[in-house]
Amino acid sequence: MSIKELLIAKAKEGKVLTHKCTKCHHLHLSNVYYCENCGSKGFENEILEGTGSVATYTIITVPPAGFEKYTPYAFVVLQLDNTNLRISGFMAGISTPSDLPVGTRAKIVGFDERGIILKKQ
Ligand SMILES: [Zn+2]
């Protein structure tokens with residue numbers, strides 16, 4: 001299974017695949033060659049719960065071609081619980097800022113052609 005397939009499989013379980021430095025335990029979302037914190041080259045997979053709070057988002061009212069069926073939706077940046085990591089994903093049914101105050105609790109619920117799918121908790 002490739003890293004991308006594993007990432008998708010974990011998202012479908014509501015989880016986030018990260019890469020943990022075996023030396024300093026710094027977490028990375030992307031598959032890096034050197035630890036951003038200490039420069040070490042050793043990593044192991046660390047699976048996190050895909051829960052957190054909404055840090056910021058953009059409401060998509062004019063979607064890319066082929067994505068019209070999803071509107072309105074939001075491109076959301078989620079601050080993951082207990083980490084310094086932020087992931088981005090898509091949330092359905094968001095048409096005005098009052099639908100999604102910053103700080104709203106949310107979680108990963110799946111993965112589709114857009115990417116990671118989020119839902120309010
Ligand atoms: Zn490190």
Side-chain angles (χ1 to χ4, degrees):
M1 193 180 268
S2 71
I3 292 278
K4 174 136 201 240
E5 287 166 338
L6 186 58
L7 187 148
I8 292 170
K10 288 298 157 195
K12 286 180 175 172
E13 295 170 11
K15 298 184 188 300
V16 182
L17 172 66
T18 69
H19 309 285
K20 184 168 78 175
C21 173
T22 52
K23 192 171 169 195
C24 76
H25 297 170
H26 187 73
L27 294 174
H28 305 74
L29 277 177
S30 51
N31 197 17
V32 292
Y33 290 102
Y34 298 96
C35 174
E36 291 168 356
N37 187 49
C38 74
S40 169
K41 290 202 288 190
F43 294 96
E44 61 188 16
N45 287 344
E46 173 92 350
I47 309 299
L48 303 180
E49 287 299 323
T51 57
S53 52
V54 172
T56 186
Y57 61 92
T58 302
I59 295 171
I60 311 292
T61 51
V62 183
F67 291 67
E68 295 86 353
K69 62 188 173 187
Y70 296 115
T71 56
Y73 65 95
F75 176 74
V76 175
V77 177
L78 188 71
Q79 176 75 50
L80 291 177
D81 289 338
N82 308 316
T83 76
N84 59 354
L85 297 177
R86 290 178 167 196
I87 59 132
S88 51
F90 296 88
M91 189 181 291
I94 306 298
S95 53
T96 73
S98 62
D99 292 331
L100 191 64
V102 166
T104 298
R105 300 286 306 160
K107 63 179 178 179
I108 296 174
V109 294
F111 195 99
D112 71 16
E113 59 185 333
R114 292 170 293 175
I116 289 172
I117 304 304
L118 302 169
K119 201 173 176 182
K120 288 185 214 176
Q121 260 186 314

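When a ligand or atom number is given, it counts from 1 through the structure's own listing order. Remember, it's a predicted structure, so these values are computed and weren't measured experimentally.
Residue contacts to the Zn ion (ligand 1): Cys38 brings an N, O or S atom closer than 2.8 Å. The Zn ion (ligand 1) has no N, O or S atom of His25 inside 2.8 Å of it.
Ion pairing between Glu113 and Lys69 holds under the 4.0 Å rule for side-chain N and carboxylate O. A salt bridge is defined here as a Lys NZ or Arg NE, NH1 or NH2 lying under 4.0 Å from an Asp or Glu carboxylate O, and Asp81 with Lys107 fails to meet this definition.
Between Tyr70 and Phe67, the two ring planes are tilted [angle within 30° to 60°].
Rounded to 10 degrees, the SG-metal-SG angle spanning Cys35 and Cys21 at the Zn ion (ligand 1) equals 110°.
Arg114 forms no cation-pi arrangement with Phe75, by the criterion of a distance under 6.0 Å to the ring centre and an angle within 45° of the ring axis.
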